[in-house]
Q: 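One structure, as structure tokens, below. Some questions next.
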Amino acid sequence: MTTSNKAEWPLWEVFIRSKAGLDHKHAGSLHAADAEMAIENARDVYTRRMEGVSIWVVESKYIHASDPGESESLYDPANDKVYRHPTFYNLPDELKHM
Amino acid sequence: MTVHSFEQHFEDKIDNEISIEPRDWMPDDYRKTLIRQISQHAHSEIVGMLPEGNWITRAPSLRRKAVLLAKVQDEGGHGLYLYSAAETLGISRDEMLEQLHSGKAKYSSIFNYPSLTWADMGAIGWLVDGAAIMNQVPLCRTSYGPYARAMVRVCKEESFHQRQGFEIMLTLSKGTEVQKKLAQDALNRWWWPSIMMFGPSDDNSPNTEKSMRWRIKRFTNDELRQKFIDVTVEQTKILGLEVPDKDLKWNEERGHYDFGKINWDEFWNVVKGNGPCNKQRLETRKKAWEDGAWVRDAAMAHAEKRKNKKAAKAA
């Protein structure tokens, strides 16, 4: 069996806007030789049923991600600030429109 | 954290139904089990395109042809979702394909049976996709995030596959005597292999216990098989066809159908590579890979050339 030792096509992350007015959302990934092909492949792989009106592709190697092992310290600053939520405040029931 | 505490953290997440994501710590065995299962699943989608691809040019109407083409294209898409999910575990696409081509990786044995008549397109959609759905729905809640998300997508698309298959069976079973015979013959040939799709029985399935504990699997092979038989037998009545199992009988006490003995020798024989089409399927896949090599190389060369041109222009 002959397997090409050449490098695989690069990996791309695909983001789809499902309709105007909504954010692009990560849909998955795929391989393609360049950005143009990545968009065309994304259309075939991720929007066969009109799931999108706009596609973004980013080569996966350009994504920087937070380290899950450091989640605790990373999100620590927000951990003790319940007063940022509206339910923190005790107000009388008769208060309306607030 | 020590290895022990990493492991504890992982187990806690599993117990609390928190998904495991690609960059999270996971035991080697969990990773290996997932790579094996997801790649095998991806290979099944890709090889699964072949028995139906066989009938695209001979579909009896333009409608049937468009539908079959869309279904086979979906299966290609499902393979791609799954390969991507497996790649997040650190195996490359080429490695997976190499394992398929060398025979090291398996795919669902059902695709090693031939599709002899048009009625087989009905039976495959109804039974094979039906069994696949039964297997796949619980996988939408599997513990590994990328696998679960891929399965949600697959399940959403799969339901038309089964419905179009049943529609073919229904049309044939209401047709001429010859058409009805074709439908019954397809059911006869695909029933037992479909039942075997759920894998060996629980007392013979060494991976089940671990996979259940890690919440990769949610139900055992035998549980899913029973569920499939119970719903499918009822569907067969609508077709007015007969399930090829003389021991099939409703068991009031159990609330399930009892069914005949499964021919596990046949199952293992096909798994080992001796089914009617194993050789042909693998050869077709290898040929497609080898014949496509120049396209892959040319696309890379073209992309490289354009990148250089752009860089030269900018300089």
Side-chain angles (χ1 to χ4, degrees), chain A residues 1-19 24-52 55-76, chain B residues 1 6 9 13 20-26 70 73-74 76-85 87-88 92-103 146 149-150 152-153 156-157 160 282-283 285-287 289-290 292-307 310:
Chain A
M1 135 95 241
T2 59
T3 300
S4 161
N5 286 325
K6 291 195 186 105
E8 291 181 357
W9 286 349
L11 190 66
W12 300 76
E13 298 305 318
V14 178
F15 300 84
I16 308 261
R17 185 202 294 286
S18 57
K19 63 179 197 188
H24 284 79
K25 201 176 144 200
H26 187 239
S29 39
L30 49 76
H31 289 272
D34 59 18
E36 203 183 319
M37 188 196 276
I39 289 177
E40 280 167 9
N41 288 357
R43 178 203 57 193
D44 291 343
V45 179
Y46 293 107
T47 67
R48 284 193 302 283
R49 288 172 175 76
M50 304 292 292
E51 289 95 336
I55 298 172
W56 285 353
V57 293
V58 184
E59 219 181 310
S60 308
K61 66 178 180 192
Y62 294 121
I63 302 253
H64 298 267
S66 61
D67 178 355
E70 286 172 7
S71 290
E72 214 168 301
S73 59
L74 187 66
Y75 301 111
D76 177 65
Chain B
M1 281 203 273
F6 275 124
H9 188 58
K13 276 207 248 181
I20 307 301
E21 293 294 343
R23 286 160 54 92
D24 293 343
W25 186 91
M26 60 188 88
Q73 192 192 7
D74 270 353
H78 297 173
L80 294 177
Y81 307 154
L82 289 160
Y83 281 130
S84 295
E87 282 173 85
T88 64
S92 74
R93 183 79 56 105
D94 282 0
E95 275 176 88
M96 283 186 272
L97 292 179
E98 203 172 285
Q99 289 176 358
L100 171 68
H101 296 160
S102 71
R149 291 191 286 276
V152 168
R153 218 175 267 282
K156 262 190 210 160
E157 300 184 350
F160 112 70
L282 263 191
E283 267 165 17
R285 283 315 315 159
K286 279 197 264 191
K287 184 171 182 316
W289 176 250
E290 281 159 17
W294 73 269
V295 180
R296 294 191 295 277
D297 294 345
M300 265 324 258
H302 181 63
E304 200 62 32
K305 200 171 88 185
R306 283 215 299 197
K307 204 162 76 187
K310 226 179 180 176

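Letters go in sequence order (proteins before strands), and every chain restarts at 1. Just so it is clear, the values below take in all heavy atoms, side chains as well, and ignore hydrogens, waters and symmetry mates.
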Q: May I ask you to name which of Gly77(B), Ala299(B), Gly76(B) has the most heavy-atom pairs under 4.5 Å with chain A?
A: Ala299(B)

Q: Decide whether a cation-pi geometry holds between Arg296(B) and Trp289(B); the criteria are a distance under 6.0 Å from NZ or CZ to the six-membered ring centre and an angle within 45° of the ring axis.
A: yes

Q: To the closest 0.5 Å, what do you measure between CE (Met50(A)) and OG (Ser18(A))?
A: 12.0 Å

Q: Any heavy-atom pair between the side chains of Leu100(B) and Leu282(B) that's under 4.5 Å?
A: yes

Q: Hey, do the aromatic rings of Tyr81(B) and His78(B) have their centres closer than 6.0 Å?
A: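 Yes, the ring centres sit under 6.0 Å apart.
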
Q: Looking only at heavy atoms and a cut-off of under 4.5 Å, which of His302(B), Glu157(B), Arg306(B), Lys307(B) has the most pairs with chain A?
A: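 If we count pairs closer than 4.5 Å to chain A, Glu157(B) comes out on top.
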
Q: Can we say Asp74(B) and Lys156(B) salt-bridge, meaning some charged N sits less than 4.0 Å from an Asp/Glu carboxylate O?
A: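 Here Asp74(B) does not pair with Lys156(B) in a salt bridge, since their nearest N and O are not under 4.0 Å apart.
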
Q: With a 4.5 angstrom heavy-atom cut-off, could you sort out which part of Arg153(B) is near chain A: side chain, backbone, both or neither?
A: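 For Arg153(B), the side chain is the part near chain A, not the backbone.
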
Q: Using a heavy-atom distance cut-off of less than 4.5 Å, which residues of residues 29-39 of chain A contact chain B?
A: Ser29(A), Leu30(A), His31(A), Ala33(A), Asp34(A), Glu36(A), Met37(A)

Q: Would Arg149(B) and Glu21(B) pass as an ion pair if we require N to O under 4.0 Å?
A: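 Looking at Arg149(B) and Glu21(B), the cut-off is met.
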
Q: With only heavy atoms counted, which part of Asp67(A) is less than 4.5 Å from chain B, the side chain, the backbone, both or neither?
A: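 Contact with chain B involves both backbone and side-chain atoms of Asp67(A).
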
Q: Does Glu59(A) pair with Lys61(A) as a salt bridge, N-O distance under 4.0 Å?
A: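 Salt bridge flag = yes for Lys61(A) with Glu59(A).
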
Q: Can you sort out the partners of Arg285(B) under salt bridge (Lys or Arg N to Asp or Glu O under 4.0 Å), two or more places apart, ordered by chain and number?
A: none

Q: Heavy-atom distance under 4.5 Å to chain A: side chain of Ser92(B), backbone, both or neither?
A: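 Ser92(B) touches chain A through backbone and side-chain heavy atoms alike.
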
